[in-house]
Amino acid sequence: MKLQCDVEVVNRLLPTFGMKRRGKGTRAVLSIGKHMDKTSQRSNIYMMICTAKDRAGSKYKLKDNIEKFFTWFVEEGKATVRLKEPAVDICLSKADANSLKNFLSAARLADRGSETSSLPLSTLTPVRARDVEQPKKKLTIISKKDYPLTSNFPYSLEQLQVSYCKLSRVDMRMLTLKALRKLDLSNNHIKKLPGTIGDLSCLSELILHNNHLEAFSEALCLSTLQRTLQVLDISQNRLQSLPAQFCQLRELVNLKLDDNELVCLPFHIGRLSKLRLLSAAHNQLAALPGDFRKLSLENLDLFGNPFIQPNPLDHTMQLTFPLPLQEIASRAVANLRIPYGPHLIPAHLCRDLELAKSCDCGRVCISYYIKTVVSMNLHQVSHTVVLVDDMGGTDAPVQQHFCSLSCYSEFLDNSLQRGIR
């Protein structure tokens, strides 16, 4: 039985001599196994602790020698074993919770003098230097020849970059790295992202620049990434659209979408209230969604998109008179903020309500409306704006919806009056 963790051996007599414990553990490998006692010439069960400074290890007898186990925080990978002789506390931390539980169980059995056949014993031999190194937190691989084929990635990684390795898919071994905060898989050939990336509950930065991605799945948008993801770079891929659920990633601060084939941005992009940098240059955007007005950015780059020339008189009319009952009811639910969900109404109606459009009058419309495009100066939503075109402009077309003919007529009258002035 072996356990890798941080260990501090505290002499309980230190306070007697006015000395304090160091309070910091050292990376170690703990083993439980048989050792020949030189004085009694009998084989006993010992715990051996090996560190980088003491790879040969220090041994502590276990049978009838454990005074108490402290396991309040065992689920966090922490525990303390109090020995009778010598009078020390062996403080364990940064251990895998399940491995720690198994190790403590074996220690209990050894303390009780259980039959050795029932104990998962190890050979008490010196450890290798790499076994007692501090946990590796950062790993960069930028060559295919350095990519690990037979060994696992260090479990303790918080930052992992694997670039220029011609990966066609995400290696599932990466998805077991529960401490991972930054994953950089840029400059590969990845076509599809597994939904299990969403199981990386600490992931705050995902870099997928220059791959072959054709879609960003709804599952990822609805995963734990909703609560953790702050930086997302999916530039230089083959994306034509993003799912409506993309705007559930509400912790996003930095979003890069450059050099794709996007024909539109997510409808509710204004829900990304924490977004400060948005870069979507060199796509196929003809106009921006109306929700774009709600953004509050520090940096915005939309250069190189084929934006249309706004003309309020050019419009799409999708209205019938009178309005269908379903539209009237849906508008009422949205305007009165009545709670809804698939447990109350059909799922397709929920999807329609999620795409409700705001009219100039403050009310909403669902499937029946008048749509036009108006010009907006991008400085209204961003402190710094990269020029939209080679002419030095910072205006861009934004969609605008109207819930009724009267609202559209009033908008045209106001536009005409502003033009006369």
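For the numbers below, each heavy atom of this structure counts, side chains included, while hydrogens, waters and symmetry mates do not. What you see is a predicted model, and the numbers here were worked out from it, not measured in a lab.
- Taking 4.5 Å as the limit, every side-chain heavy atom of Leu160 sits out of range of all side-chain heavy atoms of Asp184.
- Side chain of Asp6 to main chain of Leu92: no donor-acceptor pair is present (N/O by atom type, distance under 3.5 Å, no hydrogens or angles).
- Rounded to the nearest 0.5 Å, atoms CG (Leu272) and OG (Ser296) are 12.5 Å apart.
- When atom types are taken as modelled, the side chain of Ser330 and the backbone of Glu327 share no donor-acceptor pair closer than 3.5 angstrom.
- Judged by the 6.0 Å and 45° rule, Arg82 forms no cation-pi pair with Phe69.
- Note that CD of Gln226 and SG of Cys221 are 8.5 Å apart. Values are rounded to the nearest 0.5 Å.
- Atom SG of residue Cys50 and atom CZ of residue Arg27 lie 13.5 Å apart, to the nearest 0.5 angstrom.
- Side chain of Asn211 to backbone of Ile190: a donor-acceptor contact under 3.5 angstrom is found.
- Side-chain polar atoms of Asn210 and Asn187 form a donor-acceptor pair below 3.5 angstrom.
- No salt bridge links Glu158 with Lys178; every basic N to acidic carboxylate O contact stays at or beyond 4.0 Å.
- From Ile90, atom CD1 reaches atom SG of Cys5 across 10.0 Å, with rounding to the nearest 0.5 Å.
- Residue Ile366 forms a side chain to side chain contact (heavy atoms under 4.5 Å, CB included) with just one option from Leu355, Asp352, Leu323, Val333, and that option is Asp352.
- Counting heavy atoms from C-beta outward, His401 and Cys365 have side chains that approach closer than 4.5 Å.
- For the pair Thr80 (side chain) and Asp89 (backbone), a donor-acceptor distance under 3.5 Å is absent.
- The 12-atom threshold is not exceeded at NZ of Lys138, counting heavy atoms of other residues, nucleotides or ligands nearer than 6.0 Å.
- No more than 12 heavy atoms of other residues, nucleotides or ligands shown are found within 6.0 angstrom of CD on Gln326.
- Considering all non-hydrogen atoms of both residues, Phe292 and Leu378 come closest at CE2-CD2, 4.1 Å.
- Ion pairing of Asp258 with Lys256 is absent here, as no side-chain N (NZ or NE/NH1/NH2) approaches a carboxylate O to less than 4.0 Å.
- Two residues are said to be in side-chain contact when any heavy atoms from C-beta on lie closer than 4.5 Å; Leu100 and Leu104 meet this criterion.
- Of all non-hydrogen atoms in Leu239 and Ala215, the two that sit nearest each other are CD2-N, 3.4 Å.
- Applying side chain to side chain contact (heavy atoms under 4.5 Å, CB included) to Phe153 and the options Leu177, Thr176, Leu180 leaves one that passes, Leu177.
- Of all the heavy atoms in Met174 and Leu200, the pair that sits closest is O-CD2, 4.0 Å.
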Side chain to side chain contact (heavy atoms under 4.5 Å, CB included) assessment of Val386 paired with Leu302: CA-CA 7 Å; Val386 175; Leu302 296 173; over 6 Å; no

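- Side-chain contact check for Pro324 versus Thr320: some heavy-atom pair is nearer than 4.5 Å.
- Under the 4.5 Å side-chain criterion, counting only non-hydrogen atoms from C-beta, Leu183 is not in contact with Ile207.
- Taking both residues in full, the closest heavy atoms of Ser201 and Thr224 are given as CA-OG1, 4.0 Å, listed atom of the first, atom of the second, then distance.
- Using a 4.5 Å heavy-atom cutoff, the side chains of Leu278 and Asp301 are not in contact.
- In this structure, Leu206 and Asp233 have side chains that are not in contact, with every pair of non-hydrogen atoms separated by 4.5 Å or more.
- Defined by atom type and a distance below 3.5 Å, a donor-acceptor pair is missing between the side-chain atoms of Tyr408 and Asp360.
- Classified by interplanar angle (parallel below 30°, tilted 30° to 60°, perpendicular above 60°), the ring pair Trp72/Phe70 is tilted.
- Crowding of Arg363 atom CZ: a count of heavy atoms from other residues, nucleotides or ligands under 6.0 Å not exceeding 12.
- In Ile142, the CD1 atom is not crowded: 12 or fewer heavy atoms of neighbouring residues, nucleotides or ligands sit closer than 6.0 Å.
- Of the charged side-chain nitrogens involved, none lies within less than 4.0 Å of a carboxylate oxygen, so that Lys63 and Asp111 do not count as a salt-bridged pair.
- For Asn260 (side chain) and Leu257 (main-chain N/O), a donor-acceptor pair under 3.5 Å exists by modelled atom type.
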Full working for side chain to side chain contact (heavy atoms under 4.5 Å, CB included) between Asp395 and Phe307: CA-CA 10 Å; Asp395 285 6; Phe307 287 125; over 6 Å; no

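- Aromatic pair Phe402/Tyr369: centroids not less than 6.0 angstrom apart.
- Formation of a donor-acceptor pair under 3.5 Å by the Asp291 side chain with backbone atoms of Gly270 is found in this model.
- Between the side chain of Asp54 and the backbone N or O of Thr51, no donor-acceptor pair lies under 3.5 Å.
- His212 and His189 have parallel rings, their planes meeting at less than 30° on a 0 to 90° scale where 60° marks the start of perpendicular.
- The two residues Met47 and Leu30 have their closest heavy-atom pair at SD-CD2, 4.0 Å.
- Taking the side chain as every heavy atom from C-beta outward, Phe216 and Phe246 approach each other to under 4.5 Å.
- Applying the 6.0 Å contact sphere to CZ of Arg169 captures no more than 12 heavy atoms from other residues, nucleotides or ligands.
- In the model, Ser186 has a side-chain atom that pairs as donor or acceptor with a side-chain atom of Ser163 under 3.5 Å.
- In this structure, Arg227 contributes its side chain and Arg250 its backbone to no donor-acceptor pair below 3.5 Å.
- Taking 4.0 Å as the cut-off between side-chain N and carboxylate O, Lys61 and Glu85 do not count as a salt-bridged pair.
- Residues Gly57 and Met48 share a closest heavy-atom pair of CA-CG, 4.0 Å.
- Without hydrogens or angle criteria, Arg293 side chain to Gln380 main chain gives no donor-acceptor distance under 3.5 Å.
- In this structure a side-chain-to-backbone donor-acceptor pair under 3.5 Å is present from Arg12 to Val88.
- The line from CG of Leu275 to CD of Glu298 is 10.0 Å long, rounded to the nearest 0.5 Å.
- Partner of Pro397 under the side chain to side chain contact (heavy atoms under 4.5 Å, CB included) criterion, out of Thr372, Ile308, Leu285, Asn305: Ile308 alone.
- For Glu354, the salt bridge (charged side-chain N to carboxylate O under 4.0 Å, His left out) partners two or more places apart in sequence, or in a different chain, are Arg271.
- Side-chain N/O atoms of Lys2 and Ser31 include a donor and acceptor closer than 3.5 Å.
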